[in-house]
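Take a look at the structure set out below.
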Amino acid sequence: MAVSRLVLLLLVPLVLAGSSSSPPVLTPAVAGPYRVEGARLIDGLGHPYLVTGTRLAPLTSSDMDNDGSLSATTIVTIRQRVNMNAVRLPLDAARYLDSDAYRKRARAVADLSNHLELLVILEADSPSPEFWSAIAGNFCDDPNIFFALPAGATQESVDAIRAAKASQPIVAADLDLKDSNLIAEVSPRYTASADDLDRIARIAETRPVLADAMDPGFFTDSSDCSAFPSDPAGAAAVVERRLKFLDDHNISWTISSFQPGKMISDY
């Protein structure tokens, strides 16, 4: 692929301006507790709320991550410079269960992100009900925390979260899971057909939807990477069209990762 990166400065105007021509405004700050009402996510002020965020680097056990990817500077940049209102925090389920230091580190990063006005979506690759019970129990009193289940998670994981007295929204790709506070997760690839996008739009008519996995996979031979034009203006237009589609259908999104080498990258 001719494009080696889509730099941060390319994406900032898109996030700030969205798909409209109106002057940019600050995205709503975190304001839990949240609840699902029909096709809308409602915040603690009674207002419809759209998540617009990115993924942080995976959590390590160290209080001082080597590249500063989980530092206050990085997190405040996501909020104030890139104008997002949410972050996803990837966790290692085994470490979380086994290490008190790791659990404290997760708490510290989540609290810092909330303090800096960002919703935190806790995620892990493990569908283990034991893990989801543990983390839900530890964060059940935090209104500005969501839980994102991985593909393959079953109803047992949902039930484990609720049994731990956590009432916050759960993000899940399996539309057959049962819960009154469930957000449907979709992965609209840049090569998605019109039928794929229509299906996502129909889901958004009846329940809140969060789009994720929109990293084009730079430095790979992926079809999404090949779908990007070689010039920055064309690449920006591809991203803008996707964000406009999501905005038009009131779909929340978390886009790529705030790490070097991803779509949002250092300049």
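The analysis underlying the following values was restricted to heavy atoms, covering all of them including side chains, and did not include hydrogens, waters or symmetry mates.
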Do L50 and V87 belong to the same hydrophobic cluster, where Ile, Leu, Val, Met, Phe, Trp and Tyr are linked whenever their side-chain heavy atoms lie under 4.5 Å apart, directly or via other members?
no

CD1 on I135 to CG on L122, rounded to 0.5 Å:
4.5 Å

Any salt bridge linking R199 with E205? Criterion: basic side-chain nitrogen under 4.0 Å from a carboxylate oxygen.
no

Any Lys/Arg nitrogen of R103 or D100 sitting under 4.0 Å from an Asp/Glu carboxylate oxygen of the other?
yes

Contact summary for G38 and P208, nearest pair of heavy atoms:
O-CD, 3.3 Å

With clusters defined by side-chain heavy atoms of hydrophobic residues (ILVMFWY) lying less than 4.5 Å apart, directly or transitively, does F258 cluster with V51?
no

Smallest heavy-atom separation, A124 atom then F131 atom, equals CB-CE2, 3.5 Å

For a salt bridge (charged side-chain N to carboxylate O under 4.0 Å, His left out) check, start with the C-alpha distance between E185 and R207, then their side-chain angles and the critical distance, and finish with the verdict.
CA-CA 10 Å; E185 184 166 74; R207 64 177 71 187; over 6 Å; no

Working note: R79 + T27, criterion side-chain hydrogen bond (donor to acceptor under 3.5 Å, both in side chains); need CA distance, chi angles, decisive distance, verdict.
CA-CA 9 Å; R79 175 60 183 155; T27 56; 2.7 Å; yes

Testing the basics here: between I75 and S113, what is the closest heavy-atom pair and its distance to 0.1 Å?
CD1-OG, 3.6 Å

Quick check on D111: does its CG atom have over 12 non-hydrogen neighbours (other residues, nucleotides or ligands) under 6.0 Å away?
yes

Would a hydrophobic clustering, with Ile, Leu, Val, Met, Phe, Trp and Tyr connected at side-chain separations under 4.5 Å, put V30 with V76?
no

CG of D195 to CD1 of I200: how many Å apart, nearest 0.5 Å?
11.5 Å

Do the side chains of E240 and R242 get close enough for a salt bridge, i.e. N-O under 4.0 angstrom?
no

With the 4.5 Å side-chain cut-off for hydrophobic clustering, are L70 and L118 part of the same group?
yes

Would a hydrophobic clustering, with Ile, Leu, Val, Met, Phe, Trp and Tyr connected at side-chain separations under 4.5 Å, put F139 with L89?
yes

Taking atom CD of Q155 as the centre, report whether more than 12 heavy atoms of other residues, nucleotides or ligands fall under 6.0 Å from it.
yes

Are any of the side-chain nitrogens in D212 or R55 under 4.0 Å away from the carboxylate oxygens of its partner?
yes

Assess whether side-chain contact (heavy atoms from CB on, under 4.5 Å) is satisfied between L59 and D92, documenting all intermediate values.
CA-CA 7 Å; L59 185 76; D92 183 307; over 6 Å; no

Short N-O contact, R107 and D142, less than 4.0 angstrom
yes

Centroid separation Y34 to F146 less than 6.0 Å
yes

Would you mind telling me which of I161, I183, V171 makes a side-chain contact (heavy atoms from CB on, under 4.5 Å) with F147?
I161

